[in-house]
Amino acid sequence: MRKQTAEGDIFEPGLMPYEEALSRILAGVAAVQESELVPLERASARILHQNVVSSVNVPAYTNSGVDGYALHAADIAEDGSARLLIKDTALAGQSYRCGIVRGECLRIMTGAAVPEPLDTVVMQEHVEIEDGYIKLNYRYKAGKNVRHVGEDIKIGETVLAAGRRLTPPDVGLLASLGIREVEVRRRLKIAVASTGNEVNLPGQPLPAGGLYDSNRYSLMAALSRQDIEIIDLGILPDNVDSLLKSFNDAGSRADIIISSGGVSVGEADFTKLALHQSGQVDFWRVAIKPGRPLAYGRIGEAAFFGLPGNPVAVMVTFYFFVLPAIEKMLGITDQPIIPVFKARASEDLRKLPGRTEVQRAIISRDVSGEWQVKTAGRQGSGMLSTMSRANAFIILDHDRDRVNAGELVDVKPFSALF
Ligand code: AMP
Ligand code: MG
C-alpha cells in the first residue's frame, strides 16, 4: 500500500526504522585497537588509549592561595586579634626553610610553599603593618588559604579514563602531571567519493545537465578533525568497473568508505549494481526523511556507507548513521553520541507517523530563557541553503504525528555536531 501525502511524499510502509538501522550498523563495527604516541601539543581532540594514572601529587607541595602572611593559627586570639613580627619573605618558586617561631609570621606570595609548622595564611588586605609587625583583627579559621599537597590530584589516582576525547582542560591536566606525550587511538582512515556523470568539480565550467559536487566537500569538511585522516577518492563516473576498482582499492587502505549517490532505484544507480557484485553490502530503505535509501556493509577491511545523492540527505545520513559508527570505531566511550534537548515549536510542523523526520531548524532563547524552535525554511532534500541557514535539527521520532505550535520537540544543535 502506498499513500500520497499532502506534501506529495510517497510514504511506504515496511521501511526499516531508524533505530534498527543504527543498531545494526553499530553492531557491525568495532573500536580500532592500534594506538600511537603524540606530544601534548597535538593531543587535543584525540582519543585516549589507556587510563592515565598520576605519578605525582597536584599540588606537589603545600602552598599559599593568596598574597599575605603565613602564621601559626594558635597565635590568633579568640577575638581574632594578633600582632606578629614579619620575620622573612617567601616567593613562589623558592624553597624556603622555615625558622618562624610562635609570635612571628612569614610574608608569603600566592603559590609559595607554606613551610611547616605554619598552617594558615591571612590575606594582606586583612592586616595593618606597623613597625615590622602585622596587626590582625579578623577571625581566621586554622588552615585558611592553604592549598594542601595532593588536594587536587593524588599519586595513584586515575585522572582520565581510556576512551575519552581529550579536551583543552584535559590537555592542561596532563601537562600539570608532568606528562609530555600521551598514548591515543590511531586516526581513523576514511575514504570519501562522489558518484555521478552529472557531478562536476567546483572551479570548472559547468556543462549542460551538470551540477557541482557539494557532497564530497561537505563530507570532507565534517571529517576534518584531529582523529580522522581523509582519503579523497574524487568524483567517480556512473560505471560499475570504475566504482568497483576505486572501492576495492579503498577497502584495503581505509577503515570506512563513504560514497554518495547511486543508491536509489534509478537507471544510473550503479553504486548499487557495483556493490551487489562485491556481495557484502545491503541496501536498506530506512524510515527516515530525508535519507531513505542507504547502503551499508563491508568492502575489504572497510565499513562501507553508500549515502543518498541529495546534499541534505547526505548530511543527515552522515550525522545520524555514519558519525555514531565513527565514534564507536574511535573507541569514544565518555560522551553522549547525540546530545538532544527540548525546545518549544513556535509554529505547526507537518509529520507523518511511521518514519523519523529530521527537519532543518533555527533555535533561539526567548525572553524567559526558554528554547524555542522554528523551521529554517523549505525542507527539500536537495536544498543545502536551508541547512546552511539552520543551526539545529528538529528530530521527530518514528511514531509521532504532526506537531502543533507550542508543543515541545527534540532538537539537536549543530554546535554539538560541528
Ligand atoms: P542519485 O541518487 O545518484 O540519483 O542522486 C540524487 C540526486 O543528488 C541527484 O539530483 C544528483 O544529481 C544529486 N547529487 C548526487 N551526487 C551529488 C553530489 N556529489 N553533489 C551534489 N549533488 C549530487
Ligand atoms: Mg547518481
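Quick note: numbers below take in every heavy atom, side chains included, and nothing from hydrogens, waters or symmetry partners. Whatever order the structure lists them in is the order used to number ligands and atoms, beginning at 1.
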Minimum-distance protein heavy atom relative to [atom]:
atom	answer
atom 4 (O) of ligand 1	Asp269 OD1, 3.8 Å
atom 22 (N) of ligand 1	Leu211 CD1, 3.5 Å
atom 10 (O) of ligand 1	Asn310 OD1, 4.2 Å
atom 18 (C) of ligand 1	Asn215 ND2, 3.1 Å

Say whether, by atom type as modelled, one donor and one acceptor occur between the side chain of Ser23 and the main chain of Glu19 under 3.5 angstrom. yes
Can any side-chain N or O of Asn310 pair as donor or acceptor with the backbone N or O of Ala313 at less than 3.5 Å? no
Of the side chain and backbone of Ile235, name the one, both, or neither that has a heavy atom under 4.0 Å from an atom of ligand 1. neither
Please classify the Asp213 to ligand 1 contact at 4.0 Å (heavy-atom distances, strictly less than): side chain, backbone, both or neither. both
Below 3.5 angstrom, do we get any N/O pair linking [X] and ligand 1?
X	result
Glu198	yes
Val263	no
Gly262	yes

Got more than 12 heavy atoms from elsewhere within 6.0 Å of CD, Glu347? yes
What do you reckon, is CD of Glu128 surrounded by more than 12 foreign heavy atoms closer than 6.0 Å? no
Could you report the tightest heavy-atom contact between Asn215 and Gly309, atom names first, then the distance? ND2-O, 2.7 Å
Taking 4.0 angstrom as the limit and counting only heavy atoms of [X], give me the atoms of ligand 1 inside it, by number and element.
X	result
Val199	16 (N), 17 (C), 19 (N)
Tyr212	20 (N), 21 (C)
Ser194	19 (N)

Have a look at Trp284 and tell me which of Phe305, Tyr296, Tyr18 forms a ring pair (Phe, Tyr, Trp, His ring centres under 6.0 Å) with it. Tyr296
May I ask you to check whether Tyr69 and His126 place their ring centers less than 6.0 Å from one another? no
Kindly state whether the ring of Tyr212 and the ring of Tyr217 have centres lying under 6.0 angstrom apart. no
Salt bridge or not between Asp67 and Arg107? Use side-chain N to carboxylate O under 4.0 Å. no
Proximal candidate to atom 8 (O) of ligand 1 [heavy atom criterion; set Gly382, Ser264, Ser214, Gly309]: Gly309
